Amino acid sequence: GGMEREYWLYLPSGMKEKAPLVILMHGYGGKAEGYRPEMIAVAEGDITVMLEGQKYRLKENQIIIVPPLFYHSVTANGEGSYRRITALFGMDAIPSVLQEEFTNQGRTIAMDASRIEKIKEICQKADASFYEPLLQSLMTEIFYDVLQIPQAPTQMETDEFLQKAFEYIDQHLHEKILLDDLAKSASRSKSSFCHLFESKMNTSPKQYILQKKLALASKLIGEGIPPTSAAVQVGYENYSNFYRIYLKHFGTSPTKVKNR
């Protein structure tokens, strides 16, 4: 839409595929997927995060932790520009005593501006790897703060239509989901359901279901489940179809994920 975009990417030294922590700073909007928790921190401006049917409005120095397998999108409020910091991390980046708390709900807090400034500063340094231990320490502090500091009053509204749709999808994620059945669960025609879903989520129900299934499959394979079994557990009877779709989506085969 003519809005200027800027990106900074911090990669920890010696980073391997699916490393515990990757930090991005950027503006504008986007979507994320996969079995990774994610932290979104607003460095400048004002954004809305759509998280599984719930809208959260975040302003400067506020953050939200997005659990794994939670589909979300980010949009700017108004015409103003903004910058956000996005941290993608594996569960092993979270202290083991806290991990269970970050798997089932979004969490929001207002954060000290100096901490966001420090993360921004590290991300933009030419020798960022030198500061990697400091960055890991800052993130650990944030994880503890998110659980101990009262949540910021950022939730704007809950969409009952989307909540019911997500509930049905989650309950049937291990089988083949037909759009006719999904629409029927919401007491709508298929065309009406698909149109309303896409208008609210900026993606089709078919694409949403695909992303959720592949993210879950990736999690299962990463836990040691054979790819053929993982395919069955997310509703694919034909492994060749699953392999082809997985490869196209992630850019790597499910076998390589298992052997990594």
Side-chain angles (χ1 to χ4, degrees), residues 29-38 48-56 64 66-75 91 100 102-106 155-255 257-258:
K31 300 170 186 173
E33 62 205 55
Y35 191 77
R36 284 175 175 273
E38 179 175 335
T48 291
V49 178
M50 171 70 85
L51 177 61
E52 294 283 316
Q54 294 184 325
K55 288 185 178 180
Y56 297 83
I64 184 168
V66 180
L69 293 178
F70 273 49
Y71 184 96
H72 60 285
S73 62
V74 179
T75 55
M91 291 301 294
E100 186 176 347
F102 286 93
T103 59
N104 55 16
Q105 63 176 306
Q155 187 171 332
M156 296 167 61
E157 60 184 76
T158 299
D159 191 304
E160 292 186 7
F161 166 78
L162 289 176
Q163 287 287 298
K164 290 181 66 175
F166 295 149
E167 182 179 340
Y168 180 92
I169 291 169
D170 287 343
Q171 290 175 351
H172 297 83
L173 205 56
H174 299 281
E175 59 193 72
K176 185 175 182 179
I177 299 176
L178 300 177
L179 292 181
D180 285 322
D181 293 337
L182 180 55
K184 185 177 180 181
S185 72
S187 302
R188 289 180 175 270
S189 68
K190 184 169 73 171
S191 60
S192 171
F193 178 91
C194 291
H195 176 76
L196 184 57
F197 187 99
E198 188 160 355
S199 70
K200 291 175 177 289
M201 290 296 294
N202 296 317
T203 191
S204 68
K206 183 177 179 180
Q207 186 64 26
Y208 172 85
I209 292 168
L210 174 66
Q211 292 188 5
K212 293 280 282 191
K213 282 179 174 288
L214 291 178
L216 177 57
S218 180
K219 170 184 179 291
L220 294 172
I221 294 169
E223 292 174 347
I225 301 297
T228 50
S229 298
V232 172
Q233 290 188 41
V234 295
Y236 281 87
E237 298 177 357
N238 187 313
Y239 180 71
S240 295
N241 287 342
F242 170 80
Y243 183 97
R244 174 178 52 81
I245 294 170
Y246 191 101
L247 179 62
K248 180 179 179 180
H249 188 81
F250 288 115
T252 188
S253 74
T255 304
V257 173
K258 179 177 182 294

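Just so it is clear, the structure is predicted and the values come from calculations on it, not from any experiment. The first residue of the sequence shown is numbered 1, and numbering continues consecutively from there.
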Nearest-0.5 Å distance that lies between atom [atom1] in [X] and atom [atom2] in [Y]:
| X | Y | atom1 | atom2 | result |
| --- | --- | --- | --- | --- |
| Met50 | Thr48 | CE | OG1 | 9.0 Å |
| Gln171 | Ser185 | CD | OG | 9.0 Å |
| Glu167 | Leu162 | CD | CG | 12.5 Å |
| Ser189 | Lys184 | OG | NZ | 13.5 Å |
| Asn238 | Arg244 | CG | CZ | 8.5 Å |
| Thr228 | Tyr243 | OG1 | OH | 13.0 Å |

Taking the side chain as C-beta and beyond, is there a heavy-atom pair between [X] and [Y] under 4.5 Å?
| X | Y | result |
| --- | --- | --- |
| Phe250 | Leu214 | yes |
| Leu178 | Lys176 | yes |
| Leu196 | Lys200 | yes |
| Ile169 | Ile177 | yes |
| Val234 | Tyr236 | yes |
| Cys194 | Pro205 | yes |
| Glu237 | Val232 | no |
| Tyr239 | Ser229 | no |

| With under 30° as parallel and over 60° as perpendicular, where do the rings of Phe242 and Tyr246 fit, or are they tilted in between? |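 Ring orientation of Phe242 relative to Tyr246: tilted.
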
| task | Check the angle between the aromatic planes of Phe197 and Phe161 and answer parallel, tilted or perpendicular using the 30° and 60° thresholds. | result |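 Correct class here is perpendicular.
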
| query | Can you tell me if His174 uses its side chain to pair, donor with acceptor, with the backbone of Gln233 under 3.5 Å? | reply |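 Indeed, once roles are kept as given, a pair shorter than 3.5 Å links the two residues.
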
| task | Please report the C-alpha distance between Glu223 and Lys219 in whole Å, then the side-chain angles of each, then the deciding distance to 0.1 Å, and finally whether the salt bridge (Lys or Arg N to Asp or Glu O under 4.0 Å) criterion is met. | result | CA-CA 6 Å; Glu223 292 174 347; Lys219 170 184 179 291; 2.8 Å; yes

| message | Using side chain to side chain contact (heavy atoms under 4.5 Å, CB included), reason through Gln163 and Tyr168 one step at a time and then give a plain yes or no. | response | CA-CA 9 Å; Gln163 287 287 298; Tyr168 180 92; over 6 Å; no

| Between Glu175 and Lys213, what is the shortest heavy-atom contact and its length? |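 It is O-NZ, 2.7 Å.
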
| query | If every non-hydrogen atom of Ile221 is compared with every non-hydrogen atom of Ala230, which pair is closest and at what distance? | reply |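 Minimum heavy-atom separation between Ile221 and Ala230: CG1-CB, 3.6 Å.
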
| request: Decide salt bridge (Lys or Arg N to Asp or Glu O under 4.0 Å) for Asp170 and Lys212; before the verdict, give the C-alpha distance in whole Å, the side-chain angles of both, and the deciding distance to 0.1 Å. | output: CA-CA 9 Å; Asp170 287 343; Lys212 293 280 282 191; 3.7 Å; yes

